[in-house]
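Since the structure comes first, as structure tokens, the remarks are kept for the end.
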Amino acid sequence: MSILSTLRDNVGKQLTAYASALTLGVSAVVASAPVAAQDTFTWKVQSHWPGSSSSYQDSLVRLQRVIEERTEGRLKLQLFEAGAMFKAQDTFNAVSRGILEMGTISPSYAQDKITLAGIASGLPFAFRNVWEAAYFHQGLGFEQMLRDEAAKHNVYWATDKVYPTEMVIKNPINSWEDFTKLKIRSSGALQKFLTEAGAAASYIPGGELYTALDSGIVDGAHWGAAQGAYSMGLYEVAKHHVQPALNIAGTDVIIVSQKALDKLPEDMQTIVKQALDEQFWVRTNEYLYKERITLAKAIAEQGVTVNTMPDDVQERLVKAAQGMWDEEGKRSPEAKKALDMLKEYLASLGYL
């Protein structure tokens, strides 16, 4: 029996469980749980998003509100913007050690600890639609694989959402030569891919991105897609929005200290976990909707144009991407299993 067939047997049960959690909600848990008003907790939460980033408000502030409401104020989240306490690449270790109770990261920031991080960050040119990535995570079990690996580091892993990553650039890509001349702000697996494909990719923290683009240190960047670019002001200095997506993936993750989670009463642990499961579906769908309206707004109000890369450029990028996939599968037995599962899934969709 294939990996995909074996995992598919559990899909119905998994999706039913998610539906039940969303429909019945945490209200049943709260109603039946004993009230322990004296037990109050405050968690420090280090974000990798600047406060200006759309996801800081839409993801992190939303989660803060939901958790505080459903615990009736017994668990409060104290939010810190990117770089306020720890650098983005240090947040995973801080949560792992229990210095921070919660944080948000890109999987690429934990590559030295999580062998599945490259696949989680999004193998370039794998999925073509957001629902395919969502099903891979939640229907086929990739999310649980990530959670199991993070647990070895005392971290509870919860993907915030899956969404496309698309570049913004100053000058359009009309040829392969145009692509290879680019200096691009990137991170993780995409940084490696873009460099190996022929561009010059380098990492720049979010708080420094606008200045780097404006001053010409880089010619283009990706920070999510339209929402990220709009909220960070990137369209002010880069008027070309590039499609298709470089990848579609769970590029944002909420990580929780297992030590902090274990200190909570059982009913509050359940509330936190259910809120995180719900967050994935709410934010994935909301993000897709907001992508459409934000890009339309940028086109209408800021003179942004959509730059669809020529077919020959796309073909060369796909070829380069598929060569990189196999390298990620060599990182561990878990990574090989995940890559095999992904390839079988893409084959079933007719992409391989």
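Just so it is clear, the values below take in all heavy atoms, side chains as well, and ignore hydrogens, waters and symmetry mates.
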* side chain to side chain donor-acceptor pair (under 3.5 Å) between Asn154 and Ser96, intermediate numbers included -> CA-CA 5 Å; Asn154 301 309; Ser96 175; 5.0 Å; no

* I would like to know whether Glu328 and Leu123 meet side-chain contact (heavy atoms from CB on, under 4.5 Å); could you show each step before the answer? => CA-CA 9 Å; Glu328 287 297 328; Leu123 296 181; 3.7 Å; yes

* Asked: Is there a side-chain contact (heavy atoms from CB on, under 4.5 Å) between Leu352 and Lys343 once you walk through the steps?
  -> CA-CA 7 Å; Leu352 293 181; Lys343 286 183 175 181; 4.1 Å; yes

* Please report the C-alpha distance between Lys161 and Ser55 in whole Å, then the side-chain angles of each, then the deciding distance to 0.1 Å, and finally whether the side chain to side chain donor-acceptor pair (under 3.5 Å) criterion is met. => CA-CA 10 Å; Lys161 56 186 173 294; Ser55 285; 3.1 Å; yes

* Taking it one step at a time, do Leu116 and Phe142 satisfy side-chain contact (heavy atoms from CB on, under 4.5 Å)? -> CA-CA 9 Å; Leu116 297 172; Phe142 183 59; 4.3 Å; yes

* To do: Just do the side chain to side chain donor-acceptor pair (under 3.5 Å) check on Glu143 and Thr159 with the steps written out, would you?
  => CA-CA 7 Å; Glu143 183 75 6; Thr159 300; 2.6 Å; yes

* Phe125 vs Asn247, side-chain contact (heavy atoms from CB on, under 4.5 Å): CA-CA, chis, key distance, verdict -> CA-CA 5 Å; Phe125 292 94; Asn247 70 14; over 6 Å; no

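Under the 4.5 Å side-chain heavy-atom criterion for ILVMFWY residues, a single connected hydrophobic cluster contains both Leu146 and Ile248. Under a hydrophobic-cluster definition in which Ile, Leu, Val, Met, Phe, Trp and Tyr are linked whenever side-chain heavy atoms come within less than 4.5 Å, directly or via other members, Phe193 and Ile204 are assigned to different clusters. Both Val256 and Leu75 are members of a single hydrophobic cluster when ILVMFWY side chains are connected at heavy-atom separations under 4.5 Å. Cluster annotation: Met324 is not connected to Ile119 through the hydrophobic network of ILVMFWY side chains, with a link wherever side-chain heavy atoms come within less than 4.5 Å.
Taking every heavy atom of both residues into account, Pro124 and Ala321 meet most closely at O-CB, 3.4 Å. When all heavy atoms are compared, the tightest approach of Asn285 to Trp281 is ND2-O, 3.0 Å. When every heavy atom of Ala229 is checked against every heavy atom of Val168, the shortest pair comes out as CB-CG1, 3.7 Å. Looking at every heavy atom in both residues, Asp214 comes nearest to Lys170 through O-NZ, 3.7 Å. Shortest non-hydrogen contact noted between Val66 and Ala275 is CG1-CB, 4.1 Å. Here the shortest heavy-atom pairing between Leu209 and Ala221 reads CD1-CB, 3.7 Å.
In this structure, the side chain of Thr104 engages the main chain of His48 through a donor-acceptor pair within 3.5 Å.
Side chains of Tyr156 and Ser257 form no contact here, defined as non-hydrogen atoms less than 4.5 Å apart. Using a 4.5 Å heavy-atom cutoff, the side chains of Val45 and Leu60 are in contact. Looking at Arg185 and Leu213, their side chains never come closer than 4.5 Å, going by heavy atoms from C-beta outward.
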Distance-only criterion, 3.5 Å: show the donor-acceptor pairs between side-chain atoms of residues 299-310 and protein atoms not counting sequence neighbours.
residue	atom	partner	partner atom	Å
Thr305	OG1	His240	ND1	2.9
Asn307	OD1	Ile173	N	2.7
Asn307	ND2	Ile173	O	3.3

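Under the ring pair (Phe, Tyr, Trp, His ring centres under 6.0 Å) criterion, Tyr230 pairs with no residue at all, not counting sequence neighbours. Annotation: salt bridge (Lys or Arg N to Asp or Glu O under 4.0 Å) contacts of Lys192 (sequence neighbours excluded): none.
Residues Ser59 and Arg283 bring a donor and an acceptor atom of their side chains to less than 3.5 Å of each other. A donor and an acceptor atom, one from each side chain of Ser108 and Ser106, are located under 3.5 Å apart.
Annotation: the span from Met232 atom CE to Ser52 atom OG amounts to 5.0 Å, rounded to 0.5 Å. Rounding to the nearest 0.5 angstrom, the gap separating the CD atom in Gln46 from the CD atom in Glu101 is 12.0 Å. For the atom pair CG of Asp148 and CD of Gln144, the computed distance is 4.5 Å after rounding to the nearest 0.5 Å. The CH2 atom of Trp325 sits 6.0 Å away from the CG atom of Leu342 when rounded to the nearest 0.5 Å. Of the inter-residue distances, the one linking Leu276 atom CG with Asp160 atom CG reads 9.0 Å to the nearest 0.5 angstrom. Atom OG of Ser231 is separated from atom NZ of Lys290 by 10.5 Å, given to the nearest 0.5 angstrom.
Under the 4.5 angstrom side-chain criterion for Ile, Leu, Val, Met, Phe, Trp and Tyr, the cluster partners of Tyr163 are Tyr287.
In this structure, Phe127 has its ring center closer than 6.0 angstrom to the ring center of Phe136.
Among Leu79, Ile255, Leu63, Val95, the single residue meeting the side-chain contact (heavy atoms from CB on, under 4.5 Å) criterion with Met102 is Leu63.
Ring-plane geometry between Phe92 and His153 is classed as perpendicular, the angle between the planes exceeding 60 degrees on a 0 to 90 degree scale with a lower cut at 30.
Listed by first and then second residue, the ring-ring contact (aromatic ring centres under 6.0 Å, His included) pairs that reach into residues 202-223 come to none, sequence neighbours excluded. Within the structure, side-chain hydrogen bond (donor to acceptor under 3.5 Å, both in side chains) pairs that include any residue of residues 112-134 comprise Asn93-Lys113, Thr115-Glu149, Thr115-Ser332, Asn129-Glu132, Glu132-Tyr351 (at least two apart or interchain).
For Asp340 and Lys336, the salt-bridge test passes: some basic side-chain N is under 4.0 Å from an acidic carboxylate O. Taking 4.0 Å as the cut-off between side-chain N and carboxylate O, Lys181 and Glu177 count as a salt-bridged pair. Ion pair Glu334/Lys152 flagged as a salt bridge, since at least one NZ, NE, NH1 or NH2 atom sits closer than 4.0 Å to an Asp/Glu carboxylate oxygen. One finds no salt bridge joining Arg62 and Glu286 here, because no Lys/Arg side-chain nitrogen approaches an Asp/Glu carboxylate oxygen to under 4.0 Å.
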